[in-house]
Amino acid sequence: MPLRRWTRDARLTFAMRNPLGGFSRVPAAPALTLRDLWPGDPLVGERLVRNQSLFEGVVRNLQHLQWDTPAWPEAYRRWLQGFTWLRDLRELGAESARIKARSMVATWIGQPASERPITDPSVTGARLAAWLSYYEFFAAAADDNFRQNLMAALIMEARSIMALMPEGARGWRALTALKGLLAVAVAIPDHPEFLSRYLKLIDQEIDQQFLADGSHITRCPEDQFQAVRELAEMLSILQTARLPLPSRLMEVADRAAPALRAMRHGDGGLMLFNGSRERDPQLIEQVLNRASRGRVVAASQPESGYIRLTSGRTMLFADASGPAPAGYDSTAHAGMLSFEFSSGRQRIIVNCGSSTQRGWAEALRVPAAHSVLEMGSLSPITRNQSGAITHRPTVTRAQASQDGAHWLHMTHDGYKPQGGGVYSRQLYLGKDGQTLRGAEALEGTESRDFCVRFHLHPDITVEEIEHGFLLYTQEESWLFQANVAAYLEDSVYLGSGERVDSLQIVLCPPEAPEPPEERAAEGEEEALETEAHGADHAAAHAQGDTYPEDHAAYSADHADNTTEQNAFYGQSHATAEHEAYQPENEGYAEQDASAAYPDHAYAQTDMQGYVQEGEAYAAAPQHSEEDAFSPLLHDAPPADSMPYQAASTTGLSHTGQSEHATQETPSMAEALFAGQDAAADHAPQTEGPTEHGTSAQASESAASSKPAGTAPSAPAMRPVRWALTLMTE
């Protein structure tokens with residue numbers, strides 16, 4: 001037996017000595033009873049009364065003295081042994097629920113101390129806090145023997161937490177263990193060692209778990225929610241006991257709550273990255289109100305690497321960082337550079353979510369379960385047999401904002417060691433939130449074994465039209481277009497915990513350009529054919545390929561004149577090419593903009609980086625600098641005029657138009673993306689910061705540089721471009 005395990009078992013054996021009959025004093029009742037802050041589910045309580053458990057939609061029969069089995073998922077085992085279901089019985093409120101709660105607690109404390117599953121201090125902490133929170137419900141009217149055994153169990157299991165921490169639990173679950181220790185400390189003040197041990201460990205956990213911007217080290221919004229909830233419960237316990245609030249605990253709660261607010265969509269639920277779920281918006285709001293009195297939203301999260309862009313009614317969330325550090329990466333997904341997009345209270349583009357079921361949990365980690373580029377069977381991260389990540393990609397990001405419009409450029413080199421090149425994604429969100437554009441590219445490879453996926457929320461209805469897809473919400477319709485072939489495929493959504501069928505849009509890469517030799521041979525054959533069919537027919541066939549190589553001249557119907565494209569987009573390229581970077585503010589932005597809670601006002605940042613409610617918004621000064629996002633600088637034309645403008649683009653007045661009077665009218669997608677493709681060949685590049693870095697500042701010297709890890713050669717294919725545009729009446 002390893003020495004560490006032997007030492008742990010020895011500490012546990014010593015901690016679990018029954019204090020009844022010994023020298024320790026066991027009180028007859030807690031000196032202070034606590035109050036659970038969160039609501040329960042009476043349906044779950046009703047099932048428990050009938051000897052059934054209802055957890056995540058699965059009903060299981062309860063067996064006497066059965067608290068664990070290898071067939072159970074870990075999440076269910078934690079729930080059953082943690083006794084948090086006492087709130088569900090309390091919510092039911094019937095006498096039968098009270099009797100059931102007392103019976104199940106008696107079954108647990110009736111086990112011999114050596115046979116209790118108490119090796120996980122986080123489960124023990126949840127159990128102790130639940131017992132003390134609902135003591136009045138199930139134990140106050142019980143007989144003296146039951147109450148004495150319960151108080152002895154509280155002391156023994158609190159000692160087990162002291163024996164196992166801090167090595168016994170990591171992440172937000174360590175906070176759960178310390179919460180249980182704190183609950184026993186205030187309920188049984190005759191044992192001051194509990195409180196002193198808690199105060200010694202809490203600062204250490206805070207320093208390890210929370211980054212400077214208030215986000216959790218695991219980069220999982222679900223963990224952020226759970227950690228903030230544990231902080232809120234600790235603050236409530238200390239306030240109930242009238243104990244001084246530790247300054248570090250208050251300070252981290254004031255940082256972590258705004259970070260959690262910044263992870264919410266317009267419907268009030270969480271964004272879906274790295275193993276998170278939507279969660280109940282009302283519960284999230286209750287947690288936030290308990291954790292912090294302010295209603296501020298973190299303006300940026302440079303440490304966690306999440307990007308939050310808002311414009312008009314729309315929100316965009318992007319994962320612009322790599323996996324969490326070693327030891328905290330158990331929930332890490334291979335979804336770097338993926339994004340989610342919502343308008344008002346409706347999610348439109350999403351990631352697939354997460355699951356506690358073993359098969360689904362692994363399936364949802366891969367890039368195919370995210371709205372991002374997927375490259376065949378390759379994975380941008382690799383794990384060993386223990387689940388630890390052994391290969392971590394380098395992720396860069398650069399961000400700019402001006403006049404309500406946002407630009408974001410991200411790269412990662414996860415596929416590069418496997419011959420897949422560097423993945424680059426550019427996103428542009430228009431100033432009114434009515435257009436979202438993107439460009440996807442693989443640099444340094446000629447492989448076309450990839451696709452770009454856009455998973456749609458199950459509430460979205462899709463109609464396939466000639467020039468793209470119409471996405472219908474209850475209030476709006478959005479037009480999705482691309483410069484490559486797009487297909488509609490089935491998908492699944494587990495954002496709410498249950499599997500729901502949904503759809504996804506899949507973009508395939510453009511076809512490879514023909515080699516020069518084959519193109520020359522085809523040209524000779526065409527020349528022979530044109531001699532037989534006439535000079536006019538030959539001229540018609542000499543227009544060039546539909547997908548020319550990069551840096552090659554575009555055909556007349558794609559880029560006949562720059563003036564024509566400028567008129568289509570409604571602004572000149574020269575003017576749009578000069579935008580200003582807006583540095584990321586490490587302070588806090590205005591109140592939560594969630595549409596579910598619309599009581600928000602514009603705000604102004606104070607000297608401490610916080611934003612006060614009700615004050616007028618002060619526009620940031622703009623600095624004109626050349627940036628690297630010229631391919632995406634153009635706003636889309638008005639949605640209601642796009643079909644007509646696109647169809648009549650060739651009819652716009654410009655010099656030399658009569659020479660091409662017979663040219664074909666470009667399709668809607670061609671007109672939409674031709675200007676971007678023409679500008680891409682001459683677009684300046686800028687180097688973004690590495691992960692956990694701050695926002696990049698554009699400079700003249702950066703015009704010729706490329707993101708870290710980018711191959712010096714041009715992309716092997718034209719970038720995959722797409723646009724999502726709000727359609728108006």
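When reading the values below, keep in mind they use all heavy atoms of this one structure, side chains included, and skip hydrogens, waters and symmetry mates.
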Open item on the list: Quiz question: by atom type and distance under 3.5 Å, do the side chains of Asp213 and Ser215 form a donor-acceptor pair?
Closed with: yes
- [ ] Please check if any side-chain donor atom of Glu222 sits under 3.5 Å from a side-chain acceptor atom of Gln226, or the reverse.
- [x] yes
TODO: Please check if the side chain of Gln418 supplies one atom and the backbone of Ser379 the other of a donor-acceptor pair under 3.5 Å.
DONE: yes
- [ ] For the pair Gln224 (side chain) and Gly214 (backbone), establish whether a donor and an acceptor sit closer than 3.5 Å, ignoring hydrogens and angles.
- [x] yes
Open item on the list: Do His370 and Arg453 have side chains that approach each other closer than 4.5 Å (heavy atoms only, starting at C-beta)?
Closed with: no
Open item on the list: Using 0.5 Å steps for rounding, measure from the CZ atom of Arg365 to the CD1 atom of Ile381.
Closed with: 8.0 Å
Open item on the list: So Phe317 and Leu272, do their side chains get closer than 4.5 Å, heavy atoms only?
Closed with: no
Open item on the list: Quick check: closest heavy atoms across Asp329 and Arg383, and the distance to 0.1 Å?
Closed with: O-NH1, 3.6 Å
- [ ] Check His457 against Arg347 and note the closest heavy-atom contact, atom names and distance.
- [x] CB-O, 3.2 Å
Task: Side-chain donor-acceptor contact under 3.5 Å, Trp478 with Gln346 - done: no
Task: Aromatic plane relationship, Tyr415 with His412 - under 30° parallel, 30 to 60° tilted, over 60° perpendicular - done: tilted
Task: Side chain proximity check, Arg98 to Leu89, heavy atoms < 4.5 angstrom - done: no
Open item on the list: Does the structure place the NZ or CZ of Arg255 under 6.0 Å from the centre of the six-membered ring of Phe210, at an angle of no more than 45° from the ring's axis?
Closed with: no
Task: Glu476-Ser343 side chain donor-acceptor pair, cut-off 3.5 Å - done: yes
TODO: Using a cut-off of 6.0 Å, state whether more than 12 heavy atoms not belonging to Arg78 lie near its atom CZ.
DONE: yes
Open item on the list: I'd like to know if the side chain of Arg127 pairs up with that of Thr124 as donor and acceptor (distance under 3.5 Å, no hydrogens or angles considered).
Closed with: yes
Task: Phe273 and Tyr306 aromatic ring geometry - parallel, tilted or perpendicular at 30°/60° bounds - done: tilted
Task: Side-chain H-bond candidate by donor/acceptor type, Glu278 with Ser496, under 3.5 Å - done: no
Open item on the list: Whether Glu475 and Arg345 form a salt bridge (side-chain N of Lys/Arg under 4.0 Å from carboxylate O of Asp/Glu) is what I want to check.
Closed with: no
Open item on the list: Applying the salt bridge (Lys or Arg N to Asp or Glu O under 4.0 Å) criterion to Glu285, which one of Arg264, Arg279, Arg229 satisfies it?
Closed with: Arg264
Open item on the list: Are more than 12 heavy atoms, taken from residues, nucleotides or ligands other than Arg90, located less than 6.0 Å from that residue's CZ atom?
Closed with: no
TODO: Classify the ring geometry between Phe469 and Phe480 as parallel (under 30°), tilted (30 to 60°) or perpendicular (over 60°).
DONE: tilted
Open item on the list: Are Tyr134 and Trp38, when compared by the centres of their aromatic rings, separated by less than 6.0 Å?
Closed with: no
